Amino acid sequence: MTIIYTIKESICEIKLEDALNHTEGEELIQLCQELIDKETFSKIRFNMQNCESLSSSGIGSLVSISKMGLEKNINLELYQCQDKVKKLLKITGVDGVISVS
């Protein structure tokens, strides 16, 4: 998985490619923890346009990142989700914890 991120103003934008599974999820958690610890922003936005699938570990990683962010008043948003990813997030109830569009 390729992870590309930018920080503009008070928003950290992370673009996810391919699939988010256990290995990629761990890398993403580590990156987000480092960013949250050393940067100042109010929102992390994940561009999910090219993320074709999520495993249960990938979903768990997003929830973990959301919890890390909330501890520092940082909101998490998943946007441009493909329909199948959006459906999975709804079925699992993640869309009630994390903003999904």
Side-chain angles (χ1 to χ4, degrees):
M1 169 185 261
T2 303
I3 302 172
I4 301 168
Y5 73 91
T6 58
I7 300 173
K8 290 183 182 176
E9 299 173 18
S10 64
I11 298 173
C12 175
E13 183 161 330
I14 299 173
K15 187 172 185 177
L16 300 180
E17 302 285 336
D18 305 320
L20 182 57
N21 59 37
H22 178 74
T23 303
E24 288 81 7
E26 291 297 317
E27 291 173 20
L28 189 60
I29 288 172
Q30 183 177 357
L31 171 66
C32 288
Q33 184 65 61
E34 291 171 8
L35 291 171
I36 288 169
D37 287 345
K38 66 181 173 181
E39 299 289 342
T40 304
F41 43 83
S42 61
K43 181 182 274 188
I44 299 174
R45 296 182 76 213
F46 286 94
N47 182 332
M48 305 289 285
Q49 182 178 14
N50 296 320
C51 183
E52 298 175 1
S53 66
L54 289 173
S55 71
S56 58
S57 295
I59 291 170
S61 297
L62 292 172
V63 171
S64 293
I65 293 165
S66 177
K67 288 179 181 180
M68 287 188 296
L70 288 174
E71 290 174 4
K72 297 211 175 185
N73 294 318
I74 298 171
N75 294 315
L76 187 68
E77 176 187 3
L78 309 176
Y79 74 102
Q80 292 188 340
C81 296
Q82 294 186 18
D83 287 341
K84 61 185 174 182
V85 170
K86 202 181 287 188
K87 183 177 179 180
L88 179 60
L89 294 169
K90 184 175 178 77
I91 290 170
T92 58
V94 172
D95 64 339
V97 178
I98 300 171
S99 175
V100 177
S101 60

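Quick caveat, the model's predicted, so the values are computed rather than measured.
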Any chance you could measure [X], atom [atom1], to [Y], atom [atom2], to the nearest 0.5 Å?
| X | Y | atom1 | atom2 | result |
| --- | --- | --- | --- | --- |
| R45 | S99 | CZ | OG | 9.0 Å |
| F46 | K15 | CZ | NZ | 14.5 Å |
| Y5 | L31 | OH | CG | 6.0 Å |
| S57 | E26 | OG | CD | 8.0 Å |
| E52 | L16 | CD | CG | 12.0 Å |
| C81 | N47 | SG | CG | 9.0 Å |

Less than 4.0 Å between a side-chain N and a carboxylate O, is that true for E77 and K43?
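Looking at K43 and E77, the cut-off is met.
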Closest approach of [X] to [Y] (non-hydrogen atoms, all atoms of both residues):
| X | Y | result |
| --- | --- | --- |
| M68 | Q33 | SD-OE1, 2.6 Å |
| I7 | F41 | CD1-CE2, 4.3 Å |
| A19 | S53 | CB-OG, 3.2 Å |
| H22 | S55 | N-OG, 3.8 Å |

Is [Y] close to [X] at the side-chain level, that is, under 4.5 Å between some pair of heavy atoms?
| X | Y | answer |
| --- | --- | --- |
| L62 | L54 | yes |
| N75 | L70 | yes |
| I98 | L89 | no |
| L28 | I65 | yes |
| L78 | V85 | no |

Sidechain-backbone polar pair: S66 side chain, L76 backbone, donor-acceptor under 3.5 Å
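Answer holds: no.
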Mind running side chain to side chain contact (heavy atoms under 4.5 Å, CB included) on Q80 and N50 for me, showing each step along the way?
CA-CA 9 Å; Q80 292 188 340; N50 296 320; over 6 Å; no
Within a 6.0 Å radius of atom CG on D37, are there more than 12 heavy atoms belonging to other residues, nucleotides or ligands?
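Yes, CG of D37 has more than 12 neighbouring heavy atoms, counting only those of other groups under 6.0 Å.
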Can you tell me if E34 has over 12 outside heavy atoms packed within less than 6.0 Å of its CD?
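Atom CD in E34 is packed in, count exceeds 12.
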Cluster check I11, V100: I/L/V/M/F/W/Y, side chain < 4.5 angstrom:
no
